[in-house]
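This report refers to the structure that appears directly beneath it.
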Amino acid sequence: MKITNRHIFILILIIGAILRFWDYSSIPFTHDEFSAFFRTGFTDFGELLEKGLKKDTHPPGVQLFMNYWRLFFGDSPWIIKFPFTLMGLGAVYLVWKLGRLWYNETVALISASFMASLQFTIMYSQLARPYISGLFLTLLMACYWSKLVKKPEEGFWKNGILFVLAGALSAYNHHFSLLFAAIIGISGLFFIPKKIWWKYALLGFGIFALYIPNLSLFFTQLEMGGVGTWLGAPENDFLWMFIRYIFHFSWVLLGVAIALIIVGLLKKNKSFSWKKFTLFIAWFMIPFLIGFFYSRYKNPVIQYSVLLFSFPYLFFILFGHLKELKPKLNLLISVSIITLSVFTLLTNRQHYKILYNSPYRAIIKDQNKAVLENESTLRIIDTYPKMNHYYNEHLDVDSTYTWAQNFSSELEFKQYLSQNSRQYDQLFFGAYSMTNNFYIPIIKEYYPTLEYVTNYEGGSSYVFSKAGSPEPSKNLLLEQLVAKALTNGKSLWANPEVFSTEYSGSYTIGLDSLALSQNDFIDISTKIKLTSDESEVLLVSDISKDGEVIHWSATNVNRFETERQEWFLGHHTVPLSVLNLDLEGAVLKTYIYNKSKSEVFYDSYSLEIREGNPYLYGLYEEILD
């Protein structure tokens, strides 16, 4: 059989479908999906409006769709995700179609090969959120826009009506897909013949008219702010990190893209157009620049997800200068791209291992397994109660664990462990990424040995036991052993001290000599006794570089105190993620700040490196293991 370009595209589409539907019924809801899912299932529209739509900062389109899709078809994760996965496949088709409309079969097939096999598009095809739907709708709008500007004399009103519908749906989908729809619309002024501008203006008015019913909700959502309460402002290297993420943090996969660019430049397509190149540069860069500077100077909103709508046009920028090749060469290039992309999807990105193991589901199952293996297991879970309830109802598990949300302070947590540790030999602790940094140091007061940890994207399961190694000798000099203790994960113990001055002695260590990862923690603890009711004592970490303090933090040890005149352990934790891991020349100094200048006793002082979760942000960042 003679191989044709259409055969190659069908192969690409089949592979894209396999990658998206692999073990499909096992894909759990992510945190964001749960957030949307818990705001669906309303039969009364007024209730849906108040409890489902107005509680969200996104346009109402996807939330409306999910609500009624759930009512009609059911609430299993795969059922909720199914239409989004189909739209993800549809996006592969539309990119191929756009590549053929603007360039040639080779450009179209290369673009479709990347679209079919990259984690960025696969993952969002497996999530019921307004990202892949926005990509599909804006691509649909771009296709009908392309027909309008390339051949306005052929079916203008038919293509125009479909352009309007796709544009309006994009506006109702997400604020960034609304932005991208506006960019597409404005671009038409540079391509549509001036004599039919009035027709084109009518199409633009049509999109706006369809959006008018949402204006009141739009302004309500503007007052709500955005994700700036938890999302930080982007760094200067945001775009470069986005490019690396797209290509699976693989220099080889990125190298293939660069090689294709170079080959295209050496054998440049004679029909190369600067106007087309500028168009797609604008479509890719303008959403990024708006999101970046708005996030820097107003409110952080930019994430990789909101760049999905403009992402496909990067391929037209990179490969649009390639001339059309014969089908056999197109097949070789497409298969090479997909093979390498799938390999790095499974190895560099560990996509199925990470996405398919939701921390919320896994932690519930892990605690059940722990108690089955050892009945004398105290179980504490620190995740979101709604997710806990969901999995308690959907999984056959023992749900008599304790929620960390029951504790209003570290002291309550400590008292709970003190009361219960006598009757349990080991402790299970399941925690999401936002768990209290002090919980694990407190747990180790009662269960000093970490038996094992299982890490997931966004959370971990720990099992601790009472069996432990003895303390290092108190007679050893702290200054000689700090580095060894840190790298071995052991504690160091100082000689007993007493002081009533403002500051204790300090201990320093260079951080660049240690094997540290971005998600690790430095736990600092001291055994301390306060003597006065007015005592206010802080455990301090001071990290400096080239003589300048780059991070200072402190913890008031009073929050761990049970009684005055009694010894207790105070803790302070430094999450290394706050340092962006730029540790060359960095020095840690730690000391006790006796703010009240009362008499303070401390009998020991320890520093430990606590290994972080390498998969913590594994869906979006480079995996650290």
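A donor-acceptor contact closer than 3.5 angstrom is absent between the side chains of S541 and W552. Using a 3.5 Å distance cut-off with no hydrogens or angles, the side chains of E457 and N357 do not pair a donor with an acceptor. Between the side chains of D32 and S35, no donor-acceptor pair is found at a separation under 3.5 Å. No donor-acceptor contact under 3.5 angstrom links the side chains of E622 and H248, judged on distance only. Between the side chains of S553 and H572, at least one donor N or O lies within less than 3.5 Å of an accepting N or O. For the 3.5 Å distance criterion, the side chains of T573 and N437 fail to qualify, holding no donor opposite an acceptor.
Using a 4.5 Å heavy-atom threshold, the side chains of L511 and V587 count as separate. In this structure the side chain of T590 never reaches within 4.5 angstrom of the side chain of V540, judged on heavy atoms. Side-chain contact between T383 and I363 is present, with at least one heavy-atom pair separated by less than 4.5 Å. The closest side-chain heavy-atom distance from N173 to V62 is below 4.5 Å. Contact check for N299 versus Y294: side-chain heavy atoms found under the 4.5 Å cut-off. A 4.5 Å side-chain heavy-atom check between S358 and F29 finds every atom pair outside the cut-off. Within the 4.5 Å cutoff, the side chain of T85 has heavy atoms near those of the Y24 side chain. The shortest distance between side-chain heavy atoms of I623 and N348 does not fall below 4.5 Å.
Here R610 pairs with D523 under the salt bridge (charged side-chain N to carboxylate O under 4.0 Å, His left out) rule; sequence neighbours left out. H174 pairs by the ring pair (Phe, Tyr, Trp, His ring centres under 6.0 Å) definition with H58, Y131, F309, not counting sequence neighbours. In this structure F190 satisfies the ring pair (Phe, Tyr, Trp, His ring centres under 6.0 Å) test with no other residue, sequence neighbours excluded. In this structure, the salt bridge (charged side-chain N to carboxylate O under 4.0 Å, His left out) partners of E33, at least two apart in sequence or on a different chain, are K81.
Judged purely by atom type and a 3.5 angstrom limit, W145 uses its side chain to pair as donor or acceptor with the backbone of I184. S341 contributes a side-chain N or O that, together with a main-chain N or O of S117, makes up a donor-acceptor pair within less than 3.5 Å. Checked by atom type and distance alone, the side chain of S250 never pairs as donor or acceptor with a backbone atom of F247 at under 3.5 Å. S517 contributes no side-chain N or O that, together with a main-chain N or O of N519, makes up a donor-acceptor pair within less than 3.5 Å. A donor-acceptor distance shorter than 3.5 angstrom exists from the side chain of Q126 to the backbone of R20, with no hydrogens or angles considered. A donor-acceptor distance shorter than 3.5 angstrom exists from the side chain of N104 to the backbone of T106, with no hydrogens or angles considered. A donor-acceptor contact shorter than 3.5 Å links the side chain of S273 to the backbone of K276. A donor-acceptor pair under 3.5 Å links the side-chain atoms of S177 to the main chain of S170, judged by distance alone. Judged by distance alone, the side chain of N613 and the main-chain N or O of S460 form no donor-acceptor pair under 3.5 Å. Although no hydrogens or angles enter the test, the distance criterion places no donor-acceptor pair under 3.5 Å between the side chain of K545 and the main chain of I550.
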Q.
Using side-chain contact (heavy atoms from CB on, under 4.5 Å), reason through L314 and F319 one step at a time and then give a plain yes or no.
A. CA-CA 9 Å; L314 174 65; F319 311 124; over 6 Å; no
Q) What do the steps show when you test F114 against F315 for ring-ring contact (aromatic ring centres under 6.0 Å, His included), and what is the final call? A) CA-CA 9 Å; F114 279 113; F315 298 129; 5.3 Å; yes
Q: Decide ring-ring contact (aromatic ring centres under 6.0 Å, His included) for Y103 and H321; before the verdict, give the C-alpha distance in whole Å, the side-chain angles of both, and the deciding distance to 0.1 Å.
A: CA-CA 8 Å; Y103 294 103; H321 58 292; 9.3 Å; no
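Note: S125 OG to L135 CG = 8.0 Å, rounded to the nearest 0.5 Å.
The ring of H175 has its center closer than 6.0 angstrom to the ring center of F218. Residues F120 and Y245 bring their aromatic ring centres within 6.0 Å. In this structure, the ring of Y620 has its center no less than 6.0 angstrom from the ring center of Y617. Between Y591 and Y507, the distance separating the two ring centers is not shorter than 6.0 angstrom. A centroid separation of 6.0 Å or more is found between the aromatic rings of Y432 and H31. Not less than 6.0 angstrom separates the ring centroid of F176 from the ring centroid of F180.
Applying the 6.0 Å contact sphere to OH of Y297 captures no more than 12 heavy atoms from other residues, nucleotides or ligands.
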Side-chain donor-acceptor distances from residues 282-291 under 3.5 Å, at least two apart:
residue, atom, partner, partner atom, Å
W283, NE1, S187, OG, 2.9

Name each donor-acceptor pair under 3.5 Å that joins a side chain in residues 232-239 to protein atoms two or more places apart or in another chain, with its distance.
residue, atom, partner, partner atom, Å
N236, OD1, R296, NH2, 2.4

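Ring-plane geometry between Y352 and Y356 is classed as perpendicular, the angle between the planes exceeding 60 degrees on a 0 to 90 degree scale with a lower cut at 30. Ring geometry for F242 versus Y304: interplanar angle of 30 to 60°, hence tilted.
Cation-pi geometry between K97 and F9 is not met: the NZ or CZ atom fails to fall both under 6.0 Å from the ring centre and inside 45° of the normal.
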